[in-house]
Amino acid sequence: MIDLNKPINFIQNIIDSDLASGRVVEIVTRFPPEPNGYLHIGHAKSICLNFDLAAANGGRCNLRFDDTNPETESPEYVDAIIEDVRWLGYNWSGNVRYASDYFDQLFEWAKFLIKREKAYVCELTSAQTREYRGTLTMGGRDSPFRDRPASESLDLLEEMRSGGVEEGKMTLRARIDMQSPNINLRDPVLYRIKKYPHHRTGRVWSIYPSYDFAHGQEDALEGITHSICTLEFADNRVLYDWFIKNLPVPATPKQFEFGRLNINYMVTSKRKLKQLVDENIVDGWDDPRMPTLSGMRRRGITAQAIKNFCKSLAVAKTDGVVDIAQFEYFIRDDLNKHAKRVMCVLEPLKLLITNYSADHVEDLSIPYHPNRGDLGYRRVPFTSEIWIDRNDFSEDQALSRKKFKRLVIGDYVRLRGAYVVRADSVIKDVNGIITEVRASLVPGTIGKNAPEEIKPRGVIHWVSEQYSVDCCVNQYDRLFSHPLPESGDESFVKFINLNSLKVIYGCKAEPELAKAQMGENYQFERIGYFCLDNRRKNDDDLVFNCTIGLRDNWSKT
RNA sequence: UGGGGCGUCGCCAAGUGGUUAAGGCAACGGGUUUUGAUCCCGUCAUUCGGAGGUUCGACUCCUCCCGCCCCAGCCA
């Protein structure tokens, strides 16, 4: 599975030279999610990169929540994220860490900067701050509070911290360069007032550090050697380095950026995914149509498939769009190897075998997997009345054997794992709808080919009517009808595919599926891969989610 | 118009002065098959955003041009 020919990525190259030059002795990385939403496939790429890079170099990787904005964060997200990382199979070094663990230290460092006249409390409103910042092409103007005495800033900061100042009235800013062509350096905000309870520190703080003031210092505190983030943070790197240089931090982490993962027909923006959840466009963060890890898990996509996919991805600085077919390849690839084969009829049509005794039952033994003997066999009862899928039968005898490898009046077909049968006639209701097909089997064809002159058109799946179990199947189509739903403005909701969920009731499954286990993947032969849905009302309800259909070359033509 | 980043097959992507320009996905042929699945075999860039230049020799170095992405949150 792992492509040994795949060259090492540019970050590994950097690690190699850092190790060779002695800049670092142990590789330490970190996965730093903000707990303001659920993890999605894009995060999976980052998780794999960080954990695998550390492991490949004998280092370690931390899991750290960047919880610097209590207004948008919650313990629900913390728990979900931890579960998802575990599900992927990764173990972080030591305890789960939080930016909030370092609030005291960060505050001390803020005062350190003030004392060295590298930070000041600013009383510009947010609108004024924006105005003073200048534009992309023009420099900004210095804040009138820029040169106030350190002692004054120190007192004010203490007042901000203790809740004595209204939200929006003051910020702590770094004193860098209002003329910098890099806007991040135009006296960035280090602390802002938020009188909002934090999910871990409660109401202890009335001010919270900004991402820029927190992230690099957290990395330094944890001894992170390679701080890997996505491309949009490239401009923040000089600021990251500025703090590391101007603060008495215990280490010198370095930031490296790579291109985030985009997949067509998907949306990977926590903000937008949250919108889908909040507006009830989907069933929740774990809706099987969502690109979230929890949604994909519920859909039946395996952690291994996601990891294999992520590892196949290049780590580079280009921001491309990966074809969803590439992801689907890895989903099928893993499922094909591991899923047990069973039979299930989605749209039942009765087939009566007229030359088979009505009270006879044959206990057939059929392998769980065509090329994995280690998975063993299952018992499948064969009776005279069976269910076949309606679209596996046609009255049109003119249909060529090449175009329709299924049952046609007057011709033969193999019942998977059982006999070869010939369709003889049909019975219709008053509306002309076929209600039953009458057929005759060719004796002695179980496990053997039919006589030379009988050439079955193909193989179809079936289920004994008497022993079948009823089930329900959820089939999914892509959530968006547009390959790039995020292109253009915020109107991605306009591209929602309204037919992305199809619930099929009254499906008939072989008795084996009555024992279906949660978390197990099955292949419904000739249809696709399925798993039990985790939101069933009762434990013995049989509701299956279609993970993905089998590859289907024939329907394309 | 400032700054940062990127442009190699339909998609992803190796390549760091001399290779027949890897590989995967997709596509298209063919073989095996009691899943129209899997598996196997084969085909698929005289060309690297464009134009010049340096060089015996460039996707790789230089110059100019074109295109795309990110930055003006007290979000991350």
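Each chain gets a letter, A, B and so on, in the order the sequences are listed, and its residues count up from 1. Source: prediction; values computed, not measured.
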Q: Heavy atoms only, 4.0 Å cut-off, all strands: where does I207(A) land among base, sugar-phosphate and nothing?
A: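 Nothing: the residue I207(A), judged by heavy atoms under 4.0 Å, touches no strand.
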Q: Can you tell me, in whole Å, how much space there is between the C1' of U16(B) and that of U32(B)?
A: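 My reading of the C1' atoms in U16(B) and U32(B) gives 44 Å.
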Q: So Y191(A), base contact, sugar-phosphate only, or nothing? Heavy-atom distance under 4.0 Å.
A: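 Y191(A): no heavy atom of the nucleic acid under 4.0 Å.
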Q: What's the gap between G67(B) and G50(B) when it is taken at their C1' atoms, as a whole Å value?
A: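 After rounding to an integer number of Å, I get 10 Å for this pair.
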Q: Please state the P separation for the pair G17(B) and C59(B) - nearest whole angstrom.
A: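 To the nearest whole Å, 13 Å.
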Q: Give a yes or no on whether a salt bridge exists between R64(A) and E34(A), defined as a side-chain N under 4.0 angstrom from a carboxylate O.
A: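 Answer for the salt bridge query: no.
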Q: Looking at every strand, decide which applies to R332(A) at a 4.0 Å heavy-atom threshold: base, sugar-phosphate, or nothing.
A: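 If one applies the 4.0 Å heavy-atom cut-off, R332(A) turns out to touch nothing in the nucleic acid.
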Q: Taking atom P in both G23(B) and C9(B), what distance in whole Å separates the two?
A: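 Comparing P positions in G23(B) and C9(B) gives a spacing of 15 Å.
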Q: Does the side chain of T302(A) come under 3.5 Å of the side chain of Q304(A) through a donor N or O and an acceptor N or O?
A: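 The answer is no; no qualifying pair exists.
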Q: Touch check for R133(A), heavy atoms < 4.0 angstrom, all strands: base, sugar-phosphate only, or nothing?
A: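 Here R133(A) touches the backbone only, sparing every base.
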Q: If you check the N236(A) side chain, which of A13(B), A26(B), A76(B) turns out closest?
A: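 The listed nucleotide nearest to N236(A)'s side chain is A76(B).
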Q: I183(A) or A325(A): which one's nearest nucleotide on RNA chain B is closer to the 5' end?
A: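 Its nearest nucleotide being more 5', the pick is A325(A).
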Q: Roughly how many Å apart are C68(B) and A58(B), using the P atom of each and rounding to a whole number?
A: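 The answer is 30 Å between these two P atoms.
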Q: Should the pair E167(A)-K194(A) be classified as a salt bridge under the 4.0 Å nitrogen-to-oxygen rule?
A: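 No, this pair does not count.
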Q: Taking any heavy-atom pair under 4.0 Å as a contact, classify K194(A): base, sugar-phosphate, or nothing.
A: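 The answer is sugar-phosphate, as K194(A) gets under 4.0 Å only of primed atoms, P, OP1 or OP2.
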Q: Could you classify G73(B) for me, syn or anti, using a glycosidic angle within 90° of 0 as syn?
A: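 What G73(B) shows is a syn base, its glycosidic angle lying within 90° of 0.
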Q: Any base atoms under 4.0 Å from T445(A), or only sugar-phosphate, or nothing? Heavy atoms, all strands.
A: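 Base contact - T445(A) has a heavy atom under 4.0 Å of at least one base atom.
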Q: Once you apply a heavy-atom cut-off of 4.0 Å, does G458(A) come out as touching a base, just sugar-phosphate, or nothing?
A: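 Answer is nothing: G458(A) stays at 4.0 Å or more from every strand.
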Q: Do N553(A) and G36(B) have a side chain to base donor-acceptor pair shorter than 3.5 Å?
A: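 In this structure, the two groups form no donor-acceptor pair.
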Q: How would you label the contact of T171(A) with the nucleic acid (heavy atoms, under 4.0 Å): base, sugar-phosphate, or nothing?
A: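 It contacts base atoms.
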Q: On a whole-Å scale, what distance lies between the C1' atoms belonging to G15(B) and C61(B)?
A: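 Taking atom C1' in both G15(B) and C61(B), they lie 16 Å apart.
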Q: Check every strand shown and say whether G447(A) touches a base, only sugar-phosphate, or nothing at a heavy-atom separation below 4.0 Å.
A: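 If one applies the 4.0 Å heavy-atom cut-off, G447(A) turns out to touch a base.
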Q: Applying a 4.0 Å non-hydrogen cut-off, can you work out what K169(A) is touching in the nucleic acid: base, sugar-phosphate, or nothing?
A: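 The residue K169(A) makes no contact with any strand.
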Q: Should the ring pair F382(A) and Y419(A) be called parallel, tilted or perpendicular, given that the plane angle runs from 0 to 90° and is split at 30 and 60?
A: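 Judged by the thresholds at 30° and 60°, the geometry between F382(A) and Y419(A) is tilted.
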Q: So E257(A), base contact, sugar-phosphate only, or nothing? Heavy-atom distance under 4.0 Å.
A: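 The residue E257(A) makes no contact with any strand.
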Q: With rounding to whole Å, what would you report as the distance between C74(B) and G18(B) at their P atoms?
A: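 Their P atoms lie roughly 49 Å apart.
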Q: So for R406(A) and G36(B), does any side-chain atom that can act as donor or acceptor lie under 3.5 Å from a complementary atom in the base?
A: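 A donor-acceptor contact between them is present.
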Q: Salt bridge check, E257(A) against R237(A): does any charged N sit closer than 4.0 Å to a carboxylate O?
A: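 Judged by the 4.0 Å cut-off on N to carboxylate O distance, R237(A) and E257(A) do form a salt bridge.
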Q: Work out how far the P atom of G49(B) is from that of C39(B), and round it to whole angstrom.
A: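 Between the two P atoms, the distance is 34 Å.
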